[in-house]
J.: 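Structure provided below as structure tokens; questions to follow.
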Number of protein chains: 2
Amino acid sequence: MADTDPQTTKNVLFIMCDQLRFDYLGCAGHARLETPNIDALARRGVRFSRAYVQSPVCGPSRMSFYTGRYMRSHGSNWNNFPLRVGEPTLGEHLKRLGVRNVLVGKTHMKADDEGMARLGIDPNSIIGVEAAQCGFEPYERDDGLHPTRPGADRPRYDGYLAAEGYAGPNPWEDFANSGEAADGTRQNGWLLAHGDKPARVSDEQSETPYMTRRAMDFIREARADGRPWCLHLSYIKPHWPYIAPAPYHDMFGPDDVQPAIRSERERQDPHPVYGAFMDLRVSRNFAREEVRRRVIPAYMGLIKQIDDQLGLLFRFLDEEGLSGSTMIVFTSDHGDYLGDHWLGEKDLFHEMSVKVPLIIADPAPEADAARGTVSDVLVEAIDLAATFIDYFGGTVPRHIVEGRSLTPHLQGQRVDNWRSFVVSEYDYSMQDVRTTLKRDVSDCRLFMLFDGRFKYIHAPGFRPMLYDLDADPHEFRDLGGDPGYEAERARLKDLLLGWALTDHNRITMPDARIAAYGPATQLKSGILIGYWDEAEVERARRQYGL
Amino acid sequence: MADTDPQTTKNVLFIMCDQLRFDYLGCAGHARLETPNIDALARRGVRFSRAYVQSPVCGPSRMSFYTGRYMRSHGSNWNNFPLRVGEPTLGEHLKRLGVRNVLVGKTHMKADDEGMARLGIDPNSIIGVEAAQCGFEPYERDDGLHPTRPGADRPRYDGYLAAEGYAGPNPWEDFANSGEAADGTRQNGWLLAHGDKPARVSDEQSETPYMTRRAMDFIREARADGRPWCLHLSYIKPHWPYIAPAPYHDMFGPDDVQPAIRSERERQDPHPVYGAFMDLRVSRNFAREEVRRRVIPAYMGLIKQIDDQLGLLFRFLDEEGLSGSTMIVFTSDHGDYLGDHWLGEKDLFHEMSVKVPLIIADPAPEADAARGTVSDVLVEAIDLAATFIDYFGGTVPRHIVEGRSLTPHLQGQRVDNWRSFVVSEYDYSMQDVRTTLKRDVSDCRLFMLFDGRFKYIHAPGFRPMLYDLDADPHEFRDLGGDPGYEAERARLKDLLLGWALTDHNRITMPDARIAAYGPATQLKSGILIGYWDEAEVERARRQYGL
């Protein structure tokens, strides 16, 4: 047969949810939410309990996942900040290894149209599409948020809904993401008050199952092509609009909502930036129990739906004979406060925002020893790009990719020189907070450094924040101004300085080429620096064996 | 006539020397070297007495001049580290203003061939040449170092010399940059011992006059084109090979050599990095008086030749009627230790290495008040790109160009919020020092921060260096380990952290677009974040006037 043997072709199925908290999974200990399929994946692989994103908001977090580089390196600081043309992507690294990097779902990539035009890159050429799609072959691109905007492209999913009988200019909004009242009237799905309503499409017609089927479509089609692939199945859910289709919309109720993780002391004289975020509309609403009890059941339903779909997808991989050759990764681009710490959305660095679920099941026999274990090593989102390059047999170009391969951890190996802290960044210039705090756009930055115990948040223009997660796992006590922790803060600030001063842009010159250069290279090239006379040159030639 | 009126077209003549110390000019107070033409330029404009390069070595310093961005931003850390494709250059900013950015001489630009291939950019297309030439229209590119290497392109200057009768595979090396002994034999010009010999070409045939003539050629040709230009006349001299043609080779003698600026205390237990640099061959040689007395007269002769040539060039501009419309800038890419501080070459941050001469003569009437003055404001090399954009009527895109326009200083204005420190960086991974100190290639970094009094040098892996230039203008006393200066060091380190954490890569999103974004923008776009119900949306619409 023309197909290659699936057993000999390695693949990666890189599943990402959007806005899924690390603790809303059965295997992570949620009290009411059962996720048997994701839990089964965890038993087949390693669950990383301390995985942090490089920025707790979609755009920059994803650009870090897709480039293996920190936000300050890729420069796409917020949603829809174009990724500069030429910024090397995971897709380009994989392409060199003969691997297709394919997208089904969301990337939040904004193309650098101006940069492409400047360099004369045709957006319709193969290179142009790659550059515009962040290194992905867009089998199906769908960023998942499609309000009605004049002239905006409608996603392929809209066409699907139309074919299913959902007419109108925006079936995504009017049906898939609207709720239906008992009297049949449409309820605006963007509004939190409607979180308890069912979507106006069936489970099968809703986005998560649709994208799952599209992933299957790709996997089937890829057999004929034969090349190995890294498929990014990137769900928009459980991101808002918080609207689930039946039966998920009422699978959970207000009684399943866990108590908010928050303390009154947090509202007493908070750090100015934290205080300004608490004062945002979304935070003020999520601080109300009524809102939490309306929205969180829908959030849980959407996760349950993902788990059910993943059950189907994993069975499909088994049937296709691909499970033994496909690394499966499950993660999220950031979390969701859901009212914890008096906040809504994400953006700041408390655990439920910046920490994400991460499960990796590597089918290789070398990984057998670690199956079903939980690893608490400090992981950064940028490690995935490095892991994938490594998995496909490449060498991680460390002058470009700043993450590190997780392979040794997948094999249960102890790594002595593993990183001792993780870093995450946030640019709040696009938030109301900038205006409230009267900050210049270039001054709205936050930097988190977490060493496994202390979480230090550097806030230029303000005092830092500091949490001791050993003594205060819920992060209620901000020690950022506590005189007793001055030495600790100085130590963490020094680590941050070290991190900030590492190369972020020396992407054209591999380490190995530098290491190979020396005075002999120079002498051979005919450039004689600082030699006094012929005799000295002769001595040097002999010394270098030239 | 077809020519545009030169009086109405603004131009910039951007003259750069290579390796010219700030203090080897008459106007800067040199005791023996007279530079009447450069001094006259200083009388027509402003001489900046505290101008610092972004890295004291050719490649990265120039990439900063030509992009207006710090080394850590452009990522070209050392000579021949390719400038990443897509890195925005001065040339591109000027192009948008209808200004030609033209090169005669050296840039040390190494094209990112791999990046260009990755993006499908044809190196022979206009865009490809611009990308490969750092945004310059290469009227005559000549990097000035042309050892005999198999297969290497020979510069146009070689053809000129051949036409003048200098035969052979490498007339650049064999004639223009070789000395001639009294018996007529060729003396290797790369060697310091031959610094007292005349070059084997005449003054007129040597590189500085040749490049000056080429600049005149361009200026003449540009009349017909009519567009305004920024001409970068970039001399290789007084950079080594330290060989001057007659009569400049013996215009100065050993008695004209100024005493070395150095102290025995510097050799007692120096900072490890400084110590390793002192131990380089070039430093050991320049520490010898014999070497200084042989080489420095040639260095002075080469400067004298430049001054004479600039006299011709300035007269030519007068004759062409361009002096009233052309801003003239005179500077260098870094200095030369010449044995000071027991060092040769450049690379470190003592004044004679990292500080450069900078004279700017702006013909505008607004600049009349400041003519002939000396400004001691803290200037960075990256300010020139901003100044030129400003001069041609553009707005400095501050999310890309990190320098600031010097225009107010050229007009004698007081600027209250001017920068309070300058930063320079150095990557010593390409130096023997890396091996001596057993450092990993990515750990070989130095960062200088100078606030006008204290020069703080952060050296990851080592203690910092610190000099108080008020108390110790010659920088003999390293206070980097002095317990009495701990608070000072902490203050300077905090400034460095602030600098390191500013955006260096957010080049796709202008500040103004961020500033214009707000909750009203979001609501208008149809994305409703955190609203509870219809009534709340209605209230917001009214509030925002939608």
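In what follows, every chain begins at residue 1, and chains take the letters A, B, ... in the order their sequences are listed.
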J.: So what's closer than 4.5 Å to chain A heavy atoms on R506(B): side chain, backbone, both or neither?
T.: both

J.: Give, as side chain, backbone, both or neither, the part of P88(B) having an atom under 4.5 angstrom from any heavy atom of chain A.
T.: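 Contact with chain A is through both the backbone and side chain of P88(B).
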
J.: Given a strict heavy-atom distance threshold of 4.5 Å, which part of S525(B) is in contact with chain A: side chain, backbone, both, or neither?
T.: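 Both backbone and side chain of S525(B) come within 4.5 Å of chain A.
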
J.: Check whether N170(A) reaches the backbone of H146(A) with its side chain - one donor and one acceptor, N or O, closer than 3.5 Å.
T.: yes

J.: Where does L145(B) contact chain A at under 4.5 Å (heavy atoms): side chain, backbone, both or neither?
T.: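 For L145(B), the side chain is the part near chain A, not the backbone.
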
J.: Select, from R149(B), R118(B), E114(B), the one with the greatest count of heavy-atom pairs under 4.5 Å involving chain A.
T.: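 Among the listed options, the one with the most contacts to chain A is R118(B).
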
J.: Under 4.5 Å from any heavy atom of chain A, what part of V537(B) do you find: side chain, backbone, both or neither?
T.: side chain

J.: If a pair satisfies ring pair (Phe, Tyr, Trp, His ring centres under 6.0 Å) and one of its residues is in residues 506-531 of chain B, list it, with sequence neighbours excluded.
T.: none

J.: Please name the pair of heavy atoms, one in L446(B) and one in A459(B), separated by the smallest distance, quoted to 0.1 Å.
T.: CD2-CB, 3.5 Å

J.: Which of the residues K493(B), R445(B), R84(B), K110(B) is involved in the greatest number of heavy-atom pairs with chain A at under 4.5 angstrom?
T.: R84(B)

J.: Answer yes or no: is there a donor N or O on one side and an acceptor on the other, between the side chain of S283(B) and the main chain of F277(B), under 3.5 Å?
T.: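 Checked: pair present.
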
J.: So which of D440(A), D122(A), N80(A), V85(A) has the largest heavy-atom pair count under 4.5 angstrom toward chain B?
T.: D440(A)

J.: Between A131(A), G518(A), A515(A), who has the most heavy-atom pairs with chain B when the cutoff is under 4.5 Å?
T.: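 Ranked by heavy-atom pairs under 4.5 Å with chain B, first place is A515(A).
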
J.: Below 4.5 Å, heavy-atom pairs only: which of A490(B), A193(B), G86(B), G526(B) has the largest tally toward chain A?
T.: A193(B)

J.: Main chain of R72(B), side chain of H504(A): is a donor-acceptor contact present, judged purely on distance under 3.5 Å?
T.: no

J.: Can you say whether E425(B) sits under 4.5 Å from chain A via the side chain, the backbone, both, or neither, judging by heavy atoms?
T.: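 No part of it gets close to chain A.
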
J.: Is a side-chain N or O of N177(B) found less than 3.5 angstrom from the main chain of G189(B), in a donor-acceptor match?
T.: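 Pair absent, no side-chain N/O of N177(B) close to backbone of G189(B).
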
